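In this text, all values refer to a predicted model and were calculated from it rather than measured experimentally.
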Amino acid sequence: MECLYYFLGFLLLAARLPLDAAKRFHDVLGNERPSGYMREHNKLNGWCSDENEWDEKLYPVWKRGDMRWKNSWKGGHVQAVLTSNSPALVGSNITFVVNLVFPRCQKEDADGNIVYEKNCRNDTSLPADPYVYNWTAWSEDGDWGNGSSHRRHDVFPDGKPFPPHHRWRKWNFVYIFHTLGQYFQKLGRCSASISINTANVTVGPQIMEVTVYRRHERAYVPIAQVKDVYVVTDEIPIYVTMSQKNNRNSSDDTFLRDLPIVFDVLIHDPSHFLNQSAIYYKWNFGDNTGLFVSNNHTLNHTYVLNGTFSLNLTVQAAVPGPCPPTPRPPKPTPSSATILKSYYSNIPEPAGDNPLELSEIPDENCVINRYGYFTATITIVEGILEVNIIQVTDVLMPVPQPDTSLMDFVVTCQGTIPREVCTVISDPTCQIAQNAVCSPVDVDETCQLTVRRAFNGSGTYCVNLTLGDAVSLALTSTLISIPGRDPASPLRMAGGALISIGCLAVFVTVITLLVYKKHKTYKPIENSAGNVAKGKGLNVFLNHAKAVFFPGNQEKDPLLKNQPGIL
């Protein structure tokens, strides 16, 4: 009898060995196994239970620290980067993306092969073969061609065949996604993405794990593992930006009195789950102005008092969808059914006897209200509210410079007294800055100051003037035109005068020589040698000069009148 017990125990042990020896997905992919309740209620569409067996012969399993990881990729290690558009509102879709980062100087080409980048670095150690992995050549050699070999090796770890697709030869990586006790497997290139609906996912943080394999002859080799936390929430993920004109730093939640603050609500809804929802924004600014309700995601509000205020926002979205099942009314007894028959003639009779039985007919008009919340504490202080340029004047320099002009800007402001002024001189489009100057200022209570700035060359300039204090910055802009300067300086003017005088002297000299020559060749009619008086020599000279310049008047020459014997 004892031998029989040993024999039965051996049979039980032999029957148990295959079950224990077989690897399962949760043994390979997950360290924490979810409860049976999570496996049952978090069923993801298209995903499989990680209780399925894993083909360890085709997809080897290496533990962390295994020396074989060092040789899993030529030229270094491959990193997998996993991202998601978490957080996701329950009922919406969440997308996960895995990107492979290859070693330096390696990339994936258009055919899905891994090649060395040309001119990546001046390194003679790079092999002459341009390919790191030439999977196209493998498929052409028949390892992954048609026939039994193709059917035997083109399968996932659970034995399911690869999906038929004309581009499957370019998909050389196998991605295994694992979460909530389930897995999803797909082919891909150096990047892969999946989306899951979160309707059945438990609210809170969850873990997504991904294992990546590459083709290797008649098997696959693990090259990377990565995991990331994603969040499913029943509150609408919202973010509020607050901005204000003249506010120096909006990120410190300090704003200016008597200037409107722009509140903009951003809803994180990458899958557009709320596109068909009616959304309302309920504001309480904490300054006893009451409750503001709007269907616009932006709103302006002005605080008129200094102090600290508590801001509260509630976002409500009415999401259309099927109503939750409702309990059926209790089935009446025969006597009561007879009495109430006339009242229930239009009501269908209950299908079951259980008063808590749920109706199977959903109400299509139901909506599910989802809410999002935002709170902030903001501080309101005084600041520079406005700045204006009221006058621009040209400054006359004692010694004018042809390439430089000085301009005075008379500036006024409202609000607190500025402590700094900055000037930015740009091109006429106000896009390309040419010069920027900041300097402290000392302004009295009238808040009026004069800012002097230099301009190099003529033309049109855009001038931005900014007045600032510890919490505010006020800006104003203007376009000015600098005319061209007279290039003549005092020295040049003196030189020009000297040149003009020299030219006049040369001109007079030439005229004198011409007159003298004319006078020397002229022979007047004489009465006698002693009749010419010395005192009339100048008159003769002038008369001859006049004859040169006025030849038409020679008949009036007085010398002719002095000769009465000539007709």
Side-chain angles (χ1 to χ4, degrees), residues 20-33 50 52-84 96-109 112-117 120-121 123 125-127 129-139 143-144 153-159 162 170-179 183-194 207-229:
D20 291 341
K23 288 278 186 182
R24 301 187 181 275
F25 273 77
H26 61 73
D27 298 327
V28 177
L29 302 177
N31 296 323
E32 298 180 1
R33 300 184 60 184
D50 62 5
N52 292 345
E53 292 187 3
W54 177 283
D55 187 350
E56 189 175 4
K57 183 178 180 180
L58 192 59
Y59 289 85
V61 178
W62 301 339
K63 294 182 179 181
R64 187 180 300 274
D66 195 309
M67 296 301 295
R68 287 175 292 183
W69 282 103
K70 294 183 178 181
N71 299 321
S72 65
W73 191 268
K74 294 180 182 178
H77 298 281
V78 175
Q79 292 183 342
V81 179
L82 174 62
T83 58
S84 71
F96 299 87
V97 178
V98 181
N99 291 299
L100 298 181
V101 181
F102 300 117
R104 178 174 171 80
C105 298
Q106 298 183 13
K107 68 175 182 178
E108 186 181 49
D109 67 5
N113 300 310
I114 309 301
V115 298
Y116 291 103
E117 296 186 46
C120 175
R121 61 183 179 182
D123 192 345
S125 64
L126 290 177
D129 186 1
Y131 290 96
V132 183
Y133 292 104
N134 190 352
W135 287 303
T136 302
W138 291 1
S139 62
D143 286 342
W144 303 95
H153 298 293
D154 289 351
V155 296
F156 288 110
D158 60 359
F162 291 161
K170 298 183 179 181
W171 297 340
N172 299 294
F173 298 98
V174 178
Y175 295 83
I176 313 297
F177 295 82
H178 181 242
T179 188
Y183 69 89
F184 185 89
Q185 50 198 8
K186 70 177 299 183
L187 288 172
R189 299 185 60 171
C190 62
S191 179
S193 64
I194 61 168
I207 296 178
M208 174 67 74
E209 301 172 276
V210 183
T211 301
V212 187
Y213 282 77
R214 67 165 174 87
R215 291 183 184 272
H216 180 70
E217 297 180 353
R218 298 179 180 273
Y220 295 86
V221 175
I223 59 172
Q225 292 178 325
V226 65
K227 64 175 60 178
D228 192 24
V229 176

- Do side-chain atoms of Gln225 reach the backbone of Arg64 as a donor and acceptor pair under 3.5 angstrom? no
_The test is side chain to side chain contact (heavy atoms under 4.5 Å, CB included); show your working for Met208 and Asp228 and say whether it passes._
CA-CA 5 Å; Met208 174 67 74; Asp228 192 24; 5.6 Å; no
Practice prompt. Kindly assign one of parallel, tilted or perpendicular to the pair Phe162 and Tyr220, based on the angle between their ring planes and the thresholds 30° and 60°.
Written response: perpendicular
> Mind checking whether Thr211 and Val28 have side chains closer than 4.5 Å, heavy atoms only?
Replying inline: no
N/O donor-acceptor pair under 3.5 Å between Trp54 side chain and His26 backbone | no
With a 4.5 Å limit on heavy-atom distance, are the side chains of Phe102 and Glu117 in contact? no
Closest non-hydrogen contact found for Pro103 with His77 is CG-O, 3.5 Å
In short, Lys74 meets Val132 closest at the heavy-atom pair NZ-O, 3.2 Å
For Phe96 and Leu82 the tightest heavy-atom approach is CB-CD1, 4.2 Å
Legend entry - Step-by-step side chain to side chain contact (heavy atoms under 4.5 Å, CB included) determination, Lys107 to Val115: CA-CA 6 Å; Lys107 68 175 182 178; Val115 298; 3.9 Å; yes
When rounded to the nearest 0.5 Å, the distance separating CG of Asn172 from NE2 of His216 is 13.5 Å
dist Tyr175:OH -> Arg189:CZ (nearest 0.5 Å) comes out at 10.0 Å
Heavy atoms of Ile223 and Leu100 approach each other most closely as CD1-CD1, 4.3 Å
Do Val61 and Tyr59 come close enough that some side-chain heavy atom pair is under 4.5 Å? no
Value for CG (Asp109) from OG1 (Thr136), rounded to nearest 0.5 Å, stands at 7.0 Å
Using the side chain to side chain contact (heavy atoms under 4.5 Å, CB included) rule, take Trp171 and Lys186 through it: C-alpha gap first, then chi angles, then the decisive distance, then the call. CA-CA 10 Å; Trp171 297 340; Lys186 70 177 299 183; over 6 Å; no
Practice task
Before giving the answer on side chain to side chain contact (heavy atoms under 4.5 Å, CB included), spell out for Arg215 and Asp154 the whole-Å C-alpha distance, their side-chain angles and the decisive distance to 0.1 Å.
Solution key: CA-CA 10 Å; Arg215 291 183 184 272; Asp154 289 351; 3.8 Å; yes
Would a distance-only check, ignoring hydrogens and angles, find a side-chain to backbone donor-acceptor pair under 3.5 Å from Asn113 to Tyr131?
no
Minimal heavy-atom distance between Leu58 and Asp55, with the atoms involved, is N-OD1, 3.2 Å
Heavy atoms of Asn99 and Ser191 approach each other most closely as OD1-OG, 2.8 Å
Check: Under 3.5 Å, is there a donor-acceptor pair between the side chain of Arg68 and the main chain of Pro222?
Finding: no
- Residue pair Tyr213 / Pro157, side-chain heavy-atom distance below 4.5 Å: no
* Asked: Would you call the rings of Tyr133 and Trp135 parallel, tilted or perpendicular, where under 30° means parallel and over 60° means perpendicular?
  -> parallel
